[in-house]
2 protein chains.
Amino acid sequence: METVTENQEVRTAKKLEKMFGHIDFRNPPELCPVRDVMSVASDQWSTLIILWLGYFPVLRFNKLKKYVYGISNKVLSQRLKVLEADGYISRNAYAEVPIRVEYSLTEFGQSYVEKLLELTEWMQENSPKVLANREKYGLL
Amino acid sequence: METVTENQEVRTAKKLEKMFGHIDFRNPPELCPVRDVMSVASDQWSTLIILWLGYFPVLRFNKLKKYVYGISNKVLSQRLKVLEADGYISRNAYAEVPIRVEYSLTEFGQSYVEKLLELTEWMQENSPKVLANREKYGLL
DNA sequence: TTCATTTGGTTACTTTTTGTAACTTACTCT
DNA sequence: AGAGTAAGTTACAAAAAGTAACCAAATGAA
């Protein structure tokens, strides 16, 4: 089992240093809002919602529910509210009957989905490794 | 309120198409393991653990608990087991008294932390916007 | 006229996941 | 003998998530 090389360690440490300075993750959430912001945006359901809104420019409640397989009305509606409050998505309701409500990414949400796609891409490439690791670990 | 431009939409859609093809997120988790793999790795506590292990090459249980502010023994121990099973971290126990257990990233974990750092960097840059959005939304 | 249908949710209730804090093991130091 | 230490575990309480029934308001069908 290889340990981390000095170079790798230093490189990563410098990056983290630059990013967090003195307000690092050791602080409680009140003093480290990044933690809170991140936990909303990278929540399992939120990421799926955002990915689907990156795929289709506009989606209505029931379409979202269909694409985000397995989500409940309750959680979908909660997450949409929070994501709207945080500025990732916008909600537009039209006074038709039955009512029509359209959700879409804001520009800010667009910029986030780009990042999220990179992470997802990594996941897509590497999930076979993870599954293989799980198998191996299961045998121990 | 700007809607998404055609270009942006098409670009993102192509990326998602390339990435997921027919086994997309509409499928239940059994058929879409990426969802499951991702929900483990991007869990709030897991990301903090991994970031800290990217910062320090080796950390013992109680140090991790100190850095990952607010985590409980129970959850820390659960997450460490899962992250080990998934291949991100390795656990080395030394039969001293009291026992010494060292956690560190595997090479695979190193490659993940790089991606995670990019996302975190985006969060660090953009969390002020999110906080501002929340304020604004709160007034409505 | 009465009844079923539609969308975008909400509500009450159950189950699962988290958090809290006390406890454990095994050896060493006072 | 009693206290301390590291790395957890365990029992119990609180919070979050899942389930499924319900709602409003108008439209179309019987």
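In this text the structure is predicted, and so the values were computed from the model without any measurement. Below, each value reflects all heavy atoms present in this structure, side chains not excepted, and no hydrogens, waters or symmetry copies. First the proteins, then the strands, lettered A, B, ... as listed; each starts at 1.
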Side chain to side chain donor-acceptor pair (under 3.5 Å), that's the test. Do B/Asn126 and B/Lys129 meet it? Break it down for me. CA-CA 5 Å; B/Asn126 291 282; B/Lys129 285 183 205 161; 3.0 Å; yes
Protein-nucleotide distance ([X], atom [atom1]; [N], atom [atom2]), rounded to Å:
X       : N      : atom1 : atom2 : answer
B/Tyr94 : D/dG8  : OH    : P     : 13 Å
A/Asp43 : D/dA15 : CG    : P     : 19 Å
B/Lys63 : D/dG8  : NZ    : C1'   : 18 Å
B/Asn62 : D/dA7  : CG    : P     : 5 Å
B/Leu64 : D/dG8  : CG    : P     : 10 Å
B/Leu59 : D/dA7  : CG    : C1'   : 14 Å
B/Ile49 : D/dG8  : CD1   : C1'   : 14 Å

Which part of the nucleic acid does A/Lys81 contact within heavy-atom distance under 4.0 Å: base, sugar-phosphate only, or nothing? sugar-phosphate
Please classify the nucleic acid contact of B/Tyr103 as base, sugar-phosphate, or nothing, using heavy-atom distances under 4.0 Å.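 Sugar-phosphate, no base atom in range.
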I want to check one thing: is the phosphate of D/dG18, taken as OP1 and OP2, less than 4.0 Å away from some side-chain N or O of A/Trp45? yes
Does the side chain of B/Arg100 get closer than 4.0 angstrom to OP1 or OP2 of D/dA7 through an N or O atom?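 So the side-chain polar atoms of B/Arg100 never come under 4.0 Å of the phosphate oxygens OP1 or OP2 of D/dA7.
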For B/Glu135, look at atom CD and say whether over 12 heavy atoms of other residues, nucleotides or ligands are found less than 6.0 Å away. no
Spell out, as yes or no, whether a donor-acceptor pair under 3.5 Å connects the side chain of [X] to the backbone of [Y].
X        : Y       : result
B/Ser127 : A/Pro33 : no
B/Ser46  : B/Ser42 : no
B/Thr106 : B/Ser90 : no

Decide yes or no on salt bridge (charged side-chain N to carboxylate O under 4.0 Å, His left out) for A/Arg134 and B/Asp36, but give the supporting numbers first. CA-CA 12 Å; A/Arg134 281 184 195 175; B/Asp36 176 39; 2.6 Å; yes
Do A/Leu119 and B/Tyr112 pass the side chain to side chain contact (heavy atoms under 4.5 Å, CB included) test, and can you show the C-alpha distance, the side-chain angles, and the key distance before you say yes or no? CA-CA 9 Å; A/Leu119 194 76; B/Tyr112 179 54; 4.1 Å; yes
Is the ring centre of B/Tyr69 less than 6.0 Å from the ring centre of B/Trp45? no
Kindly say whether the aromatic ring centers of A/Tyr67 and A/Phe56 come within a distance under 6.0 Å. yes
Candidate pair B/Arg35 and B/Met38, rule side chain to side chain contact (heavy atoms under 4.5 Å, CB included), full reasoning: CA-CA 5 Å; B/Arg35 255 180 74 161; B/Met38 206 160 122; 5.9 Å; no
What does the list of N/O pairs under 3.5 Å between the protein and nucleotides 19-26 of chain D look like, with a distance for each?
none

Whether B/Lys81 and B/Glu84 form a salt bridge (side-chain N of Lys/Arg under 4.0 Å from carboxylate O of Asp/Glu) is what I want to check. no
For the helix from C/dT1-D/dA30 to C/dT30-D/dA1, figure out the bend between the end axes, five pairs an end, and round to 10 degrees.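 It comes to 30° between the two terminal axes.
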Return whichever of A/Gln44 or B/Ile99 has its heavy-atom-nearest nucleotide of DNA chain D closer to the 5' end. B/Ile99
Start and end of the DNA chain C segment that chain B contacts, any atom under 4.0 Å from a heavy atom: C/dT18 to C/dC27
Working for side chain to side chain contact (heavy atoms under 4.5 Å, CB included), residues A/Leu51 and A/Ile49: CA-CA 6 Å; A/Leu51 284 169; A/Ile49 293 168; over 6 Å; no
